[in-house]
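Values below: all heavy atoms of this structure, side chains included; hydrogens, waters and symmetry mates excluded. Numbers restart at 1 for each chain; the letters A, B, ... are given by sequence-line order, proteins then strands. This structure is a prediction, so every number in the text was calculated from the model and none was measured.
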Amino acid sequence: MSYDFNTIEANWQKYWAEKATFNAENNREKPKYYVLDMFPYPSGAGLHVGHPLGYIASDIYARYKRHKGFNVLHPQGYDSFGLPAEQYAIQTGQHPAITTRENIARYREQLDKIGFSFDWSREVKTSDPKFYKWTQWIFIELFNSWYDKDADKARVITDLEAIFTKEGNANVNAVCDEDVEPFTAEGWNGFSSKEKQEVLLKYRLTYLAETEVNWCPQLGTVLANDEIVNGVSERGGYPVVRKKMTQWSMRISAYAQRLLDGLDTIDWPQPLKDSQTNWIGRSQGASVTFNVKDHEATIEVFTTRPDTIFGVSFMTLAPEHELVQKITTSEQKEEVQAYVEATAKRSERERMADVKTISGVFTGAYAEHPFTKEPVPIWIGDYVLAGYGTGAVMAVPCGDQRDYDFAKYFEIDIPNIFEGVDISEEAFADKENTIIANSDFLNGLSYKKATKTAIFELEKIGQGEGKINYRLRDAVFSRQRYWGEPFPVYYVDGMPQMIDVAHLPIALPEVEKYLPTETGEPPLGRATVWAWDAKNNKVVSNDLIDDTNVFPLELNTMPGWAGSSYYFNRYMDPHNVDEVFSKEAINYWKEVDLYIGGSEHATGHLLYARFWQKFLFDRGVVPVDEFAKKLINQGMILGTSAIVYRISGSNTYVSKGIKDEYETEELRVDVNMINASDELIPEELMSWQPQFKDAEFILEDGKFIVGREVEKMSKRWYNVVNPDGICEQYGADSLRLYEMFLGPLEQAKPWNTAGITGVHSFLKKLWKLYHNGDVFDVTDEAPTKDSLKTLHKTIKKVEEDIENFSFNTSVSTFMIAVNELTAQKCNSRVILEPLTILVSPYAPHIAEELWQKLGHSESIATEAFPIFEEKHLVESTKQYPISFNGKTRFTLELSLDLSKDEIEAEVMGHEKTKQQLDGRTPKKVIVVPGKIVNVVG
RNA sequence: GCUGAAGUGGUGGAAUUGGUAGACACGUUGGACUUAAAAUCCAAUGGCCUGUAAGGCCGUGCGGGUUCAAGUCCCGCCUUCAGUACCA
């Protein structure tokens, strides 16, 4: 019987499932290790070969860690709320739950075929009410919390109420809305219940706020920035307007600094850390308050250069700034109005596109310089963004290129406040070489000293203070969608009320259509049974709303990132109905040790998850404040599209090598028809699609060759390759090895099915090594020295490679080992058993089969082996210093435990060494296993 | 513009982190076995020079430098990809 991978793989997959081989226990005997993949969104298209890449890598590591003696948690689940299922529902009327269930079944089937060691007993689905009960619970916890800046952590809201009752809010140092008014204890106690709720809402970690959104009236929905193209919706091309809506927001800004600091404590890729750092966007400087002349108003600005305060010659407000209408003089009214309207019409994308055009309008109003008391003209300009800082800047044209350009364009003064610097052509922005001049008390100071002094003086006159500004904004948490977690919220007199945990989950109601309502409410506005009976604590028909016992429920749903922000913790105790997870479970597993997933989640999921983890940590729910110790971003697998060349205006196709003799156009064809030498059999193409039925072909050397192009794997380019097909044809072990063999895990790399024959024949050779014809053939004889050398070389390299996540090179190492052992005709058990263990994380099915044939009754998959623990057979590698010619030395690194004499004999017996040493007195000879590298001397 | 990563044969990619560049695999060429194909096995395969071999020269994006020794380190460029963008 030759290597029958189909039967072997089916058998072992069945065995693993039946014996629940990979179910993790909360076992305290062994050290724990938690390996996690980013769970997939189950899309209708199923998996292509790019998807399992990270799962294969994490699976190899998980299996390796089991061999190392760890108790491994390696779960999988589904991020099953999301837009595609909802869109499909809108088109077909099919309930998203049905679509989702079907897609999950298909995903599971595909995943099972690859032989992952997932603990499926812990599967979670974010769209499962048993799961989202806890998403709702965390939302409530956030609602019931505020951020105490003094303690630098989140605290329960009842603490805050207690403080208010006792002393008002004068001493409260909290992260909150800008517009909280000061009040005393008497004031607080005098507030009505509703007034109290309104105040508290400004402090809660999740709060309701008016937020500007992109509203598309025709589609009746809110669009994300990237769903808008040229000011109209991407889908349908309808106009989009900025609209204020009341939405739930998450006060992630409270955690900006801790999210930044935490990055130093985790082993994540530098590029990913950098993009989170940029996203949080910390900048240090000062806020400065300018009084507006002739108005009871002030303009607050943020600047990173308070040292340049005497260089201010104008101010610029964002066109959306709230003061614009108030301070504009009547002469300028018309022009300002026109500019504001023009800006409002332009999409953000448009504004970004032409950053070079300078535009702006003078408001006619003046501010007063805090020190010189000189008038400073106030302009508006769209280079100032409403969403960053305060939406206003103090313009220092001599020190900032944008201010400089603006001033030049509108012929505003450009006072020079730098010593010995020419600013006739451009601004001078070099902080390091700055010496301030023409600046009163700042004259002669460097950037650092001037900054300090300026802040000190500003604080003295009460018109500014040192400040750290973050780009990170609070995250909008409401979506006008159906297929998401419902909020556990109902409204009494317009104020949000949380439903008690005991009555969760609040399940999604049924609706007859998944579109927004005609009046612009979210799809849940169509539900007829969607009101909260606060007396009997249950969801009841809307008809019963009486505003004394029965109230309307929230109509928005949560965004996609809600469920994915804590799911990794839920795996630790997924079936718990009383708690999100038990203390025992969370204290045992603590955090993810290795997390593998795509880098596209850098500023989304991975930031929000860190935020929630820190919040849960503050509230004592989890024991650590970073959820993933180590993270690896796997690179994307790209498709290699196949291109045929059609002679223009005909149905004749010409082979690639001779296409330049004709006028041709390119067509992409199914990549699965192409063989390893880029050859296409014309008959296959003719039967592929009707348009090729009568095609004619011009061949070169009797072959039809296609062009290749590397691009994203997509149905559109006919370059999608399915893992199931590969598993059937070559086996899951071949697929696993090949995905790893393609290249470094972190790198993007093209898929080309043709190359899989290399790893496939490795597996066949491995099989043959243990078999003589159909007979299993392994001896108990002692192995030769060469075979031992091969083994130890392999052990060393493979272990190093796994620890470094260089899975690609270890596959090569296996191939070399098998080739060498085959050449040595080695079928000694002493070598083959450890080799099987080494291979098993990569190709688990064949390893299990061989392990069983070697006479072991237990599965190889969960056993710990000392070869991964220590080099117990022979000390595998060692550096040996050798004296030579009395005084010179060289080091030798060999894979065998040789004596000094043996090494010298080996080295001196080496032809090449002899040659290299001939007639020379070497200082050093560098030798690595089996070969001489270099001689110096 | 800024930040980050990377440029090595026909292709994917190795290189013990300063030590024989091109491991391993694909592809290609030749051979063995076959009536034939598939499968399998063997050999060759960076470029150039020499009829062959022996041998030599050139070779890791480009130009310099450090070193006995540079794909690897330093300086200056070029190119590609990814993220981000009027961030005050």
Side-chain angles (χ1 to χ4, degrees), chain A residues 2 269-279 281-283 285-286 288 301-305 308 315-316 318 351-358 381-385 387-396 399-403 405-406 429 469-472 599-600 602-603 633 635-636 640 675-679 708 710 737-738 741-744 746-762 764-765 768 793 796-797 800 806 808-817 819 822 877 879 893 912 916 922-929 931-937:
Chain A
S2 59
Q270 197 54 45
L272 195 148
K273 287 187 184 181
D274 289 344
S275 71
Q276 288 208 349
T277 305
N278 288 338
W279 192 261
R282 177 193 152 109
S283 51
V288 184
V301 300
F302 174 75
T303 177
T304 53
R305 297 293 303 273
T308 64
M315 305 191 70
T316 315
R351 268 170 84 167
M352 265 155 35
D354 65 352
V355 295
K356 286 183 194 79
T357 325
I358 295 162
D382 67 2
Y383 80 96
V384 177
L385 304 175
Y388 181 76
T390 59
V393 301
M394 57 174 229
V396 183
D400 182 288
Q401 196 57 43
R402 288 156 305 162
D403 296 343
D405 295 340
F406 195 89
N469 196 52
Y470 298 92
R471 197 183 79 113
L472 183 70
S599 58
E600 66 272 19
T603 53
N633 290 129
M636 213 196 316
T640 311
N675 78 4
S677 30
D678 292 349
E679 194 183 341
R708 309 304 303 253
V710 173
L737 283 167
Y738 189 50
F741 183 70
L742 274 177
E746 288 99 329
Q747 218 171 79
K749 47 211 170 270
W751 177 269
N752 195 345
T753 305
I756 201 172
T757 53
V759 294
H760 187 61
S761 66
F762 155 72
K764 285 196 278 197
K765 284 180 199 164
K768 259 173 81 177
K793 209 167 62 181
K796 181 179 186 234
K797 187 73 166 61
E800 276 172 12
S806 308
N808 54 329
T809 50
S810 40
V811 179
S812 297
T813 307
F814 290 140
M815 291 181 182
I816 295 167
N819 284 338
T822 304
T877 309
Q879 291 219 332
E893 201 179 324
K912 192 108 187 223
Q916 293 193 50
K923 280 184 193 152
K924 197 168 93 170
V925 180
I926 294 160
V927 186
V928 295
K931 65 176 185 178
I932 308 299
V933 172
N934 205 354
V935 180
V936 177

Please produce a list of atom pairs where a protein N or O lies less than 3.5 Å from an N or O of nucleotides 25-34 of chain B.
residue : atom : partner : partner atom : Å
U28(B)  : OP1  : S677(A) : OG           : 3.1

Practice task
Find the partner of G83(B): check Watson-Crick (N1-N3 plus N6-O4 or O6-N4) and G-U wobble (N1-O2, O6-N3) distances, both under 3.5 Å, and reply none if neither fits.
Solution key: C2(B)
Problem - C1'-based separation of U72(B) from U16(B) [nearest Å] - result: 13 Å
Exercise for the section: Could you work out the separation of C58(B) and A21(B) based on their P atoms and round it to a whole Å? Expected result: 13 Å
Fill in the blank from the handout: Residue set satisfying side-chain hydrogen bond (donor to acceptor under 3.5 Å, both in side chains) with Y388(A), at least two apart, ordered chain then number -> S283(A), N469(A)
Practice task
Side chain of Y388(A) only, please: which of C86(B), A23(B), C87(B) is the nearest?
Solution key: C87(B)
Exercise for the section: Could you list the residues that satisfy ring-ring contact (aromatic ring centres under 6.0 Å, His included) with Y738(A), not counting sequence neighbours? Expected result: W751(A)
Completion exercise
Its glycosidic angle compared against 90° from 0, G22(B) adopts the form anti
Completion exercise
If pairing means Watson-Crick or G-U wobble with both distances under 3.5 Å, then the partner of C24(B) is G12(B)
Exercise for the section: Report the residue (K768(A) or G743(A)) whose heavy-atom-nearest nucleotide on RNA chain B is the more 5′ of the two. Expected result: G743(A)
Handout entry: Complement of C62(B), any strand, by Watson-Crick or G-U distances under 3.5 angstrom
Key = G76(B)
Exercise for the section: Please measure how far the C1' atom in G83(B) lies from the corresponding atom in G76(B), and state the result in whole Å. Expected result: 26 Å
Exercise for the section: Take the protein atom CZ of R402(A) and the nucleotide atom C1' of A85(B), then report the distance between them rounded to whole Å. Expected result: 11 Å
Exercise for the section: Give one of base, sugar-phosphate or nothing for Q747(A), where a contact means two heavy atoms less than 4.0 Å apart. Expected result: sugar-phosphate
Handout entry: Residue closer to the 5' end of RNA chain B, K764(A) versus A748(A) (nearest nucleotide)
Key = A748(A)
Practice task
Compare the minimum distances between each of G4(B), G13(B), C87(B) and the side chain of P744(A), then state the nucleotide with the smallest one.
Solution key: G13(B)
Practice task
Please measure how far the P atom in C86(B) lies from the corresponding atom in G12(B), and state the result in whole Å.
Solution key: 36 Å
